[in-house]
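Small disclaimer: the values here were computed from a predicted structure and weren't measured.
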Amino acid sequence: MADPYRTLGVSPDASEEEITKAYRKLAKKYHPDINPGNSQAEMMMKEINAAYAQIKNPQANSGNTGNNGAYHNNGSAYGASWEDLFGFGGFGYNQRTENFQTDAERMQAARSYLEGRQYYMALRVLAEVQSRDAVWYYYSAIAHGNAGNRATALSYAREAVRLQPENAEYRHVLEQLERNIRSYNHSVTGYGFNLSTVGRTVVGLWVAQVVAFFCCRMCF
Amino acid sequence: MFGYLTADERALSPEGVARYRKFYCGLCRALDKEYGSAGRAVLTYDMTFTAILLSSLYALHETGCKKHCILHPFSDGAFLSSPAILYAADMNILLAYYQSLDDWHDDRNLAAFMKHRSLRRAFEKASLRQPRQSAVIKARMDQLSAMEAANVLNPDLPANCFGELLAEVFIMEEDGYMPVLRRMGAALGRFIYLLDARNDLRADIRKKRYNPLVAYSGTDIDAVLTLHIGECAAEFESLSLTRDAEILQNVIYCGVWRRRNVNHG
């Protein structure tokens, strides 16, 4: 990738504050919400986010070219993944863990940590995995879910199911995460509330679209 | 942060509306009595909800009263008093004080500064009365400030932090209800935080202010919001409250969605 500091327009020894300011200045210019329908702006935003991620988490990003197909359009933020951009469980979790040589070793370690309920350790190892497949999303969903990062967990669980729709374990995790969405929507109907008056349709469930077991998309 | 825990009166029965207003007026009276006009000025529906919830949960004794109200001269002036309403008044002050601090940092104008100054004495009084909550609110607000300064763009992190803040507000007594109230309050806090972020997104981008959703393009926000409010609802249902259930359900299943910019983001 091009020099991230150059992309953001800051010098390599810029302070955190300067980097943040630069980022927000660029976001004001290129953010898709400000430029609806402008695909150029969207591309720029992807690059900006990737550059920002690179600066914020250099170790986690080493070797990730962003050309990995699993990176884009999978619930990751405009071209970079969660761990890259923002760290997790409190900024400061981007120190390298013990030196693993291969992704296989890292994934093995992640699994052990999950089984031992050490979710933050699992997240640290998972952040260093270079190639992200369905299993990576599955482990990450579990780790984030148990660490309380619900939006992230939901995104990753949906991605795992998208990549391997036939995998029952992945579907199970997703259904677990979504169970409160389901029961809430049923209660809304049960109590007779009409949410269209507040501009909201009942949330359609992503699982239903993939596996078409049942249709949960209700419109008032 | 305020204005999300409201009822949709169109969907309440006449009795429900009357009860809701009696609580609201009761909170106003309590704020006025304990904290004067500065207190009255920060009256919220959000803390009215809190008062109703806790009053119901603990089956607290309520005293009904009627007094003429200058601001609402044609109403019957009926209002309630209860320990939960007094508690909600204390919480209202604490939260409004930190909100005013936030506004002062964002707006940097005289009006915001004056508002913040006007709450100083009330805040000190409320802090003495509710030291545990005051300490937690301060700690969490400081954490949120740190996240803003660090430009944390993972929305889960600040949402969880604000959730913990609101959870403490819900815990009037450190008793057996604490775990449920903590989970319910935390889920509600996460919901409010994210909906507020979503509502403010476009304006924040334009003004180059912090917003945790700037880089977010993950699972649609509505699903995430529903997940949080769904957790809150699940905890609420586990309490099996009967008194004022109509109002509480109205807020949780309908009212919370009212404050959203339909032309969002």
Using every non-hydrogen atom in the two residues, find where [X] and [Y] come nearest and quote the distance to one decimal.
| X | Y | answer |
| --- | --- | --- |
| A:K25 | B:K208 | CA-CD, 3.7 Å |
| A:K56 | B:A150 | NZ-O, 3.6 Å |
| B:L227 | A:L177 | CD1-O, 3.5 Å |
| B:D156 | A:A151 | OD1-N, 2.9 Å |

Mutual orientation of the aromatic rings belonging to B:Y253 and A:F193 [parallel < 30°, tilted 30-60°, perpendicular > 60°]: parallel

With B:Y193 via ring pair (Phe, Tyr, Trp, His ring centres under 6.0 Å) - residues at least two apart: none

Between B:N250 and A:Y191: side-chain donor-acceptor atoms closer than 3.5 Å: no

Salt-bridge criterion met for A:K28 and B:D204 (N-O under 4.0 Å): no

How many angstroms lie between atom [atom1] of [X] and atom [atom2] of [Y], to the nearest 0.5 angstrom?
| X | Y | atom1 | atom2 | value |
| --- | --- | --- | --- | --- |
| B:R206 | A:D33 | CZ | CG | 9.5 Å |
| A:S187 | B:E237 | OG | CD | 5.5 Å |
| B:T226 | A:N180 | OG1 | CG | 10.5 Å |

[X] portion near chain A, given a 4.5 angstrom heavy-atom threshold:
| X | answer |
| --- | --- |
| B:E148 | backbone |
| B:R209 | backbone |
| B:I229 | both |

Region of A:I34 in contact with chain B, defined by heavy-atom distances below 4.5 Å: side chain

Sidechain-backbone polar pair: B:N151 side chain, A:T20 backbone, donor-acceptor under 3.5 Å: no

A:H31 side-chain N/O to B:V214 backbone N/O, donor-acceptor pair under 3.5 Å: yes

side-chain contact (heavy atoms from CB on, under 4.5 Å) between B:Y216 and A:S155, intermediate numbers included: CA-CA 11 Å; B:Y216 186 78; A:S155 277; 4.2 Å; yes

